[in-house]
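The block underneath contains the structure these notes are about, expressed in structure tokens.
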Number of protein chains: 2
Amino acid sequence: MVRSVGTPTKGNSLDIEIESKGTSRRRSRPPRRRRQEILEAAAGVFHEKGYKATSIQDIADAVGILKGSLYYYITSKEDLLFEILQDVHRQGLQNLERIEATSGTPMQKIRAFVTIHVTHNAENLVKMAVFFHDFRSLSPDRREIIVAERDLYDLHLRNLLVEGQKDGSVCPDLDPKLTAIEILGMMNWIYHWYRPDGGLSMSELAATMADFVVAGLACDPATHTPGHRRNFAPMPTVPPPRIDPNADEDDD
Amino acid sequence: MVRSVGTPTKGNSLDIEIESKGTSRRRSRPPRRRRQEILEAAAGVFHEKGYKATSIQDIADAVGILKGSLYYYITSKEDLLFEILQDVHRQGLQNLERIEATSGTPMQKIRAFVTIHVTHNAENLVKMAVFFHDFRSLSPDRREIIVAERDLYDLHLRNLLVEGQKDGSVCPDLDPKLTAIEILGMMNWIYHWYRPDGGLSMSELAATMADFVVAGLACDPATHTPGHRRNFAPMPTVPPPRIDPNADEDDD
DNA sequence: GTCTATACTACGATAGAC
DNA sequence: GTCTATCGTAGTATAGAC
């Protein structure tokens, strides 16, 4: 639908118009403020109902205009989702930079990592919920863009764990890859339950999680013996599952 | 469209037929095996595409029949989801019984709890994924039935933590409620990444997670001083977020 | 910039033949 | 028990009036 370049039009030079209206007000681009409002409204509805279950009508209702009018601002429902996810994506990458710029012992860096990532999750509850719940609704190429960030986080934490093992502060029995994903899972679960108005501040949440992670990783090299974790409070005997009348055997 | 009762038909007596085929084989009830097959197929498709994004057509394709035929076995798409979730629901409640019947120190019980719950998650990856992703698509009363189990798990773990604090094996600085949910989050995240064919056995996964949890909770009463966790490997200074040109302030 | 109206498609579910 | 055919609804997106 782009007008072909060769076609002569009444004006000379190129089709791109330069500000011509004299004042500093911009022309032709829809107002950013309104667009941002729509993004936030859509994020809220996506959060409540899920992306797929949300109709354009729902979003229009939330904004307070009719659904036809929405298309003045957006071009498709998926574009909306993508832009919302790009918001947290940008912030996430920025946080990674901050973490990388932090100095201290490896264990201190791990504490910083957890604190920052938890805070990020708690500060962007709605968008993070939409991200974890609905990023699979993006087209494959767009999904790739957004999800790559997750792998970066994983890799970065893993590297910190290895550093910690090198200086002896992190238990050498731990598998860095598996441990990193355990920790990330704990942090990423936040959106399921945390509510900022629930009497638990974000900073207290972040600090508590960091405490737990640090305690779970730590190991005194002086007293370390291989397998000490597995042998501490060892697994007791558990009654076997009773035979279930409804049991058709499981897949998965 | 039900034939009116008063209308005379060629037979006498009522329309309801009693078993007349002689042998012990049941009539009129659709075969259980086929129904189970449909349930499993549906779970698989729900897992891949999400409940809302899955059409009856998709499920019929997966089973290998036409969508009209599906309605011989099911009465609605939501019924299908409900039955799938009831499967894990039943198993989950049964596991709670097993955990309750376990004896040992509180910390050993905690290890048993984590091991059983992680194993449950890993053995039912598909259904657990559908559960966490789509239980909100159930009607409110059905949702209540299924979700109540989650609260039971939470409560049970919380009680174990309190027990552990009483006998001194769990750090007294921990908030049982918050800690329980941290641990559950780590376990429930499994469906996002674990694949049974990935070289990590379920029992190894479960044991490793239990190790991490136990290490994260443990505390030596002899050396405990309030706040020691927070002060260990203390938070370093982190560079502030740089000012972002794209930053329209956040909601959430 | 917001509205009304509508084209087009997909889905869930039912009816009834075989 | 599986099929074909279809009804009714709801959703995305567009066209064009104001």
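Protein chains get the first letters and strands the later ones, always in sequence-line order, with residue 1 at the start of each.
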Between the main-chain N or O of M202(B) and the side-chain N or O of Y194(B), is there a donor-acceptor pair closer than 3.5 Å?
yes

Taking for each residue the nucleotide of DNA chain D with the nearest heavy atom, is it D58(A) or G68(A) whose nucleotide lies nearer the 5' end?
D58(A)

Any base atoms under 4.0 Å from K67(A), or only sugar-phosphate, or nothing? Heavy atoms, all strands.
base

Between R136(B) and E48(A) (side chain of the first, backbone of the second, donor and acceptor by atom type, cut-off under 3.5 Å), is there such a pair?
yes

Short side-chain N/O contact from Y72(A) to OP1 or OP2 of dT2(C), under 4.0 Å:
no

May I have the distance from I56(B) (atom CD1) to dC7(D) (atom P), rounded to whole angstrom?
20 Å

Per atom distances to the I65(A) side chain, the nearest of dA13(D), dG12(C), dT2(C) is dT2(C)

Sequence neighbours excluded, every pair satisfying side-chain hydrogen bond (donor to acceptor under 3.5 Å, both in side chains) that has a member inside residues 113-122 of chain B:
H117(B)-N121(B), H117(B)-N188(B)

Donor-acceptor pair, distance only, cut-off 3.5 Å: does the side chain of H133(A) make one with the backbone of H133(B)?
yes

Taking the axis from the first five pairs and the axis from the last five, what angle separates them in the helix from dG1(C)-dC18(D) to dC18(C)-dG1(D), rounded to 10 degrees?
0°

Quick note, L66(B) side chain, CB onward, closest among dT2(D), dA13(D), dT4(D) is dT4(D)

Report the distance from atom OH of Y71(B) to atom C1' of dC3(D), rounded to the nearest whole Å.
15 Å

Quick one: K77(B) NZ to dT14(C) P, roughly how many Å, whole number?
15 Å

K77(A) side chain to Y51(A) backbone, donor-acceptor under 3.5 Å
yes

Atom OH of Y73(B) and atom C1' of dG12(C) are separated, to the nearest Å, by 19 Å

Provide, to the nearest angstrom, the distance between the CD1 atom belonging to I59(A) and the C1' atom belonging to dA13(D).
13 Å

Between R158(A) and D151(A), does the salt bridge (Lys or Arg N to Asp or Glu O under 4.0 Å) criterion hold? Intermediate values first, please.
CA-CA 10 Å; R158(A) 206 187 307 177; D151(A) 296 337; over 6 Å; no

For the pair made of CD1 in I74(A) and P in dG1(C), what is the distance, rounded to whole Å?
16 Å

Euclidean distance, atom CG of residue L80(B) to atom P of dA13(C) [Å, nearest integer]
10 Å

dC3(C) phosphate, OP1 or OP2, under 4.0 Å from S69(A) side-chain N/O
yes

Let me know the distance between CD1 of I38(B) and C1' of dT2(D), rounded to the nearest Å.
11 Å

Residues in salt bridge (Lys or Arg N to Asp or Glu O under 4.0 Å) contact with R150(B), at least two apart in sequence or another chain:
none

